[in-house]
Protein chains: 2
Amino acid sequence: MDPKPYHHGDLRTALLASAEAELAEHGIEAFSLRQVAKRAGVSHAAPAHHFGDANGLLTALAAEGFRQFLAAQAAREAVAEQTPRARMIAAGLGYVDFATARPALFRLMHASDRPAFDTPDLGVVAKQAYDHLCAGVAAIAPGAKAADIAAVWATAHGLADLMCSGRLHSISGLPTAERDAAITDIMGRALP
Amino acid sequence: MDPKPYHHGDLRTALLASAEAELAEHGIEAFSLRQVAKRAGVSHAAPAHHFGDANGLLTALAAEGFRQFLAAQAAREAVAEQTPRARMIAAGLGYVDFATARPALFRLMHASDRPAFDTPDLGVVAKQAYDHLCAGVAAIAPGAKAADIAAVWATAHGLADLMCSGRLHSISGLPTAERDAAITDIMGRALP
DNA sequence: GTCCAATCTTGTCAGTGTCAGGATAGGGTG
DNA sequence: CACCCTATCCTGACACTGACAAGATTGGAC
């Protein structure tokens, strides 16, 4: 109940939440570490202790993003028809779900130099996401070639990226059911 | 021959070239207007006269990028078999050509908030690029639906974006002929 | 020859990331 | 209980950035 206890308690988590909020409000190009600290109610140098520097914070945030990304795919796969093909399409729907629900985070993960992917934390989850894709394709066609993986990935990623920056209103503006049907149609074309 | 004439002559063009070089070297997130000015050999406030502010410069640069983008597609289409389907695939190859040749510019055009797309200069060329895509799809199937356009766009854009950030070595690492064949294969799946 | 508009410079301001050093708290050891 | 030690957080400073204001320089129109 103290208005400002010296020790925050869980500043690391609070900073990650503040950072994502700042990212969502002002975009990554106007991202300011000092604003993040101000939002969390701490001094401008407090984040340094937990994340090293600004890129460290963004790296941790991107890793958290990849975990939510995998969760979004898993959620779609859980309610999908349990065939390799339907599961792969569900993963694509989850891909798009995440991108449209958290566009700022999506951009941080896929179009920014600031997160350090050679870090254990982020590197592991990023590889995990890629492996998940490969496994999905392999389940459909055991003899799948590199082009098959690329086709599926590019289609899902292209849809997600375009919608995330609001450039596919013809799809994203549709009612949910029709939107999902359109994505299912498009994803289906890429599958081996 | 003067080492430093007060009037540059064509500073606007020089600044655009410097800006692209800075972008390519340090990425958009470390983009600095003062570094651009220094590279062009002028004072830090000189760009303001030609572009207003930093985003104005990036807007002009993005517009220039879209012109080169359209040129890259046209170059591929010119040497392609003159059928609607082959031309559309050629446009996809041009899409990827541009993204891999100028990744920094590609990112500026597709994953940045800084260029102002509601500007006449940039707005026109961006719409021109989109219209070119729609025309290509319509030439293949006169009754093409929105999903057909989205499928083609997403595939080309996804391939380009993933390669531009170095995440599709299985394709981009191929010898030119095989690389083009793989892209042709993948693009072909999306066409109506 | 004079004036004007375009062009470029210098100087300044608030805001930013990072570093160094100091303050505070909580938990263990004697 | 007194002590210290480490993690945590703050204050202060530095160089750098984008933007603005005001002045200097240039080429050309009249």
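Chain A is the first sequence line, chain B the second, and so forth, proteins listed ahead of strands; every chain is numbered from 1. Only heavy atoms go into these numbers, but all of them, side chains included; no hydrogens, no water, no symmetry mates.
- Taking only side-chain atoms of B/H50, from C-beta outward, the nucleotide of C/dT7, C/dT18, C/dT9 with the closest atom is C/dT7.
- Using modelled atom types, one finds a donor on one side chain and an acceptor on the other under 3.5 Å when comparing B/S165 with B/R167.
- Per the geometry, CZ belonging to A/R39 stands 14 Å off P belonging to C/dT16, to the nearest Å.
- A side-chain donor from one of B/D161 and A/H157 sits under 3.5 Å from a side-chain acceptor of the other.
- Residues satisfying the salt bridge (Lys or Arg N to Asp or Glu O under 4.0 Å) criterion with B/R114, sequence neighbours excluded, are absent altogether.
- Annotation: B/F106 is not in aromatic contact with B/F69 [ring centroid separation under 6.0 Å not met].
- Per the geometry, CG belonging to B/L11 stands 12 Å off C1' belonging to C/dT9, to the nearest Å.
- Separating the CG atom of A/L33 from the C1' atom of D/dC9 is a distance of 14 Å, rounded to the nearest angstrom.
- Two residues are said to be in side-chain contact when any heavy atoms from C-beta on lie closer than 4.5 Å; A/F31 and A/H26 fail this criterion.
- Contact check for B/V137 versus B/I140: no side-chain heavy atoms found under the 4.5 Å cut-off.
- For the contact set between residues 18-31 of chain A and DNA chain C, defined by any heavy atom under 4.0 Å, the members are A/F31.
- Between the side chains of B/S112 and A/E29, at least one donor N or O lies within less than 3.5 Å of an accepting N or O.
- Distance NZ (B/K38) to C1' (D/dG18): 15 Å, rounded to an integer number of Å.
- Applying the side chain to side chain donor-acceptor pair (under 3.5 Å) rule to B/R102 yields the partners B/E20, B/Q68; only residues at least two apart in sequence or on another chain are considered.
- Counting heavy atoms from C-beta on, the side chains of B/F66 and B/M109 come closer than 4.5 Å.
- In this entry the distance linking CZ of A/F51 with C1' of D/dC9 reads 14 Å, nearest Å.
- Against DNA chain D, the stretch residues 52-65 of chain A makes no heavy-atom approach under 4.0 Å.
- The phosphate of C/dG15 has neither OP1 nor OP2 within less than 4.0 Å of any side-chain N or O from A/S32.
- Distances shorter than 4.0 Å separate some side-chain N or O of B/H49 from OP1 or OP2 on C/dT7.
- Taking the salt bridge (Lys or Arg N to Asp or Glu O under 4.0 Å) definition, one finds that B/R67 meets it with B/E64, B/D121, sequence neighbours left out.
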Show each protein N/O and nucleotides 11-14 of chain D N/O combination with a separation under 3.5 Å, one pair to a line.
from	atom 1	to	atom 2	distance (Å)
D/dG12	O6	A/H44	NE2	2.9

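- Residues A/K38 and A/H44 fail the side-chain proximity criterion, which asks for heavy atoms closer than 4.5 Å.
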